[in-house]
Asker: 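Okay, here's the structure, questions in a sec.
Every chain is numbered from 1 and lettered A, B, ... according to where its sequence line falls, protein lines coming before strand lines.
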Amino acid sequence: MIEPSDRTPLPRAFFDRPVLEVAPDLLGCTLIRRSDDGVMELRITEVEAYAGELDPGSHAFRGRTARNDVMFGPPGHAYVYFTYGMWHCLNAVCGPEGRASGVLLRAGEIVLGAEQARKRRVSARYDRELAKGPARLATALDVDRTLNGTDLCADAMSPLSLLPGTAPDPDQVRNGPRTGVGGDGAHHPWRFWIDGDPTVSAYRAHAPRRRTT
DNA sequence: AGGACGATTCTCT
DNA sequence: GAGAATCGTCCTT
């Protein structure tokens with residue numbers, strides 16, 4: 001595990017590894033969001049790995065397109081996508097360039113900036129729900145597609161960057177099936193979370209959409 | 001704490 | 001035109 005000094009973003013080499021190594025290592029790391037609104041900080045508590053073109057659950061499974069272009073680029077950059085007509089989700093591109101793998105940031109604890117987050121997450125009854133789920137996390141931190149492709153290893157003045165944090169005790173790291181992934185990609189236990197953390201999202205099995213008439 | 005269901009628009013076939 | 005790496009509301013326990 002690489003250990004740069006505090007307040008320095010994670011080095012490119014951190015992301016330039018197989019995605020199944022990077023994903024659990026991101027637990028406990030710090031996501032920084034800077035905007036005119038101020039500085040926000042999130043401690044990552046839940047992630048999912050998506051293993052590029054070989055992974056039926058990955059957006060890269062059917063090859064390179066305009067949407068997933070960033071996934072095929074260098075590691076350590078943000079892949080932000082829009083889904084379900086309303087939401088954004090944030091990933092960190094991993095692995096050697098061209099592997100098109102990434103880690104979906106699914107949940108975390110807002111360490112700094114809870115007031116700003118509450119303005120965007122009015123329905124959250126408790127602070128632990130502010131970033132409980134990937135689209136909630138993106139909403140809380142005001143992440144949208146304008147941040148797609150952002151270098152997460154850039155200096156700390158970047159609008160979005162990833163920094164080391166306090167790694168959880170290895171006994172607290174759990175893994176299981178990915179949420180919301182169906183078909184052939186469903187069985188991979190590539191969701192990682194910090195056991196017992198109140199900000200970890202509830203597991204939801206993939207639900208095929210029914211006809212709407 | 002958890003199940004059912006509608007919302008809303010982008011992406012790719 | 002179908003389906004989506006989801007969420008909020010409403011309901012029951």
Asker: Tell me, which of residues 85-105 of chain A have any heavy atom that sits under 4.0 Å from an atom in DNA chain B?
Answerer: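 A/Gly85, A/Met86 - these, ordered by number, are the residues of the stretch whose heavy atoms sit under 4.0 Å from the strand.
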
Asker: Once you apply a heavy-atom cut-off of 4.0 Å, does A/Gly57 come out as touching a base, just sugar-phosphate, or nothing?
Answerer: base

Asker: Calculate the interatomic distance between A/Arg125 atom CZ and C/dC10 atom P; express it in whole Å.
Answerer: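 Result: 12 Å.
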
Asker: Would you kindly give the CD-to-C1' distance between A/Glu48 and C/dA4, to the nearest whole Å?
Answerer: 14 Å

Asker: How is A/Arg178 classified with respect to the nucleic acid when contacts are heavy atoms under 4.0 Å: base, sugar-phosphate, or nothing?
Answerer: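 No contact.
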
Asker: What is the distance, to the nearest angstrom, from the CD atom on A/Glu46 to the P atom on C/dT6?
Answerer: 10 Å

Asker: If you round to the nearest 0.5 Å, how far is CG of A/Leu162 from OG1 of A/Thr30?
Answerer: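 Reported value, rounded in 0.5 Å steps: 8.5 Å.
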
Asker: Mind checking side-chain hydrogen bond (donor to acceptor under 3.5 Å, both in side chains) for A/Asp197 and listing every partner two or more places apart, or none if nothing turns up?
Answerer: A/Arg43, A/Thr199

Asker: Looking at C/dT6, C/dA5, C/dC7, which one has an atom nearest to any side-chain atom of A/Thr179?
Answerer: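 So the nucleotide nearest the side chain must be C/dT6.
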
Asker: Look at the side-chain N and O atoms of A/Ser123 and state whether any lies under 4.0 Å from the OP1 or OP2 oxygen of C/dG8.
Answerer: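 Yes.
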
Asker: Give me the distances for all protein-to-nucleotides 11-13 of chain B N/O pairs that come in under 3.5 Å?
Answerer:
{"unit_1": "B/dC12", "atom_1": "OP1", "unit_2": "A/Thr65", "atom_2": "OG1", "d": "2.2"}

Asker: Could you check how far CD of A/Glu129 sits from C1' of B/dG2, rounded to whole Å?
Answerer: 13 Å

Asker: Rounded to the nearest Å, what distance is computed from the CZ atom of residue A/Arg136 to the C1' atom of nucleotide C/dA5?
Answerer: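 After rounding, the gap between these two atoms is 15 Å.
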
Asker: Over all heavy atoms of both residues, which pair between A/Pro9 and A/Pro164 is shortest? Give the atoms and the distance, please.
Answerer: C-CD, 4.4 Å

Asker: In whole angstrom, what separates A/Phe192's CZ from C/dA5's C1'?
Answerer: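 Whole-Å distance recorded here is 15 Å.
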
Asker: With distance as the sole criterion, do the side chain of A/Tyr84 and the base of B/dA7 form a donor-acceptor contact below 3.5 Å?
Answerer: no

Asker: Taking side-chain hydrogen bond (donor to acceptor under 3.5 Å, both in side chains) as the test, write out the residues that go with A/Arg120, two or more places apart.
Answerer: A/Asp37

Asker: For A/Asn91 and A/Glu48, run side chain to side chain contact (heavy atoms under 4.5 Å, CB included): C-alpha distance rounded to whole Å, both residues' side-chain angles, the deciding distance at 0.1 Å, then the answer.
Answerer: CA-CA 9 Å; A/Asn91 300 252; A/Glu48 272 175 9; over 6 Å; no

Asker: Determine which pairs satisfy salt bridge (Lys or Arg N to Asp or Glu O under 4.0 Å) with at least one residue from residues 157-176 of chain A, sequence neighbours left out, and list them in order.
Answerer: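 For residues 157-176 of chain A: A/Arg174-A/Asp195.
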
Asker: Are A/Val181 and A/Tyr50 side-chain neighbours, meaning at least one heavy-atom pair lies under 4.5 Å?
Answerer: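 Yes - at least one pair of side-chain heavy atoms lies under 4.5 Å apart.
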
Asker: Any chance you could measure A/Arg178, atom CZ, to A/Phe192, atom CZ, to the nearest 0.5 Å?
Answerer: 10.0 Å

Asker: Between atom CG of A/Asp69 and atom CG of A/Asn148, what is the distance when rounded to the nearest 0.5 Å?
Answerer: 8.5 Å

Asker: What base-paired stems does DNA chain C take part in, with at least 3 consecutive Watson-Crick or G-U wobble pairs and both distances under 3.5 Å?
Answerer: B:1-7 with C:6-12, B:9-12 with C:1-4

Asker: Please work out if A/Arg121 contacts a base, only the sugar-phosphate, or nothing of the nucleic acid, heavy-atom cut-off 4.0 Å.
Answerer: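 Here A/Arg121 touches the backbone only, sparing every base.
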
Asker: Within this structure, what is the CZ-to-C1' distance between A/Arg128 and B/dA1, rounded to whole angstrom?
Answerer: 12 Å

Asker: Where do A/Asp127 and A/Arg121 land on the salt bridge (Lys or Arg N to Asp or Glu O under 4.0 Å) test, with the steps shown first?
Answerer: CA-CA 10 Å; A/Asp127 280 4; A/Arg121 294 272 305 110; over 6 Å; no

Asker: To check you understand the geometry: which heavy-atom pair defines the closest contact between A/Val173 and A/Leu27, and what is its length?
Answerer: CG1-CD1, 3.9 Å

Asker: Determine whether A/Arg33 and A/Leu147 make a side-chain contact, defined as any pair of heavy atoms from C-beta on separated by less than 4.5 Å.
Answerer: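 Counting from C-beta outward, A/Arg33 and A/Leu147 do come under 4.5 Å.
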
Asker: Rounding to a whole Å, what distance do you find between A/Arg191:CZ and C/dT6:C1'?
Answerer: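 To the nearest whole Å, that distance equals 14 Å.
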
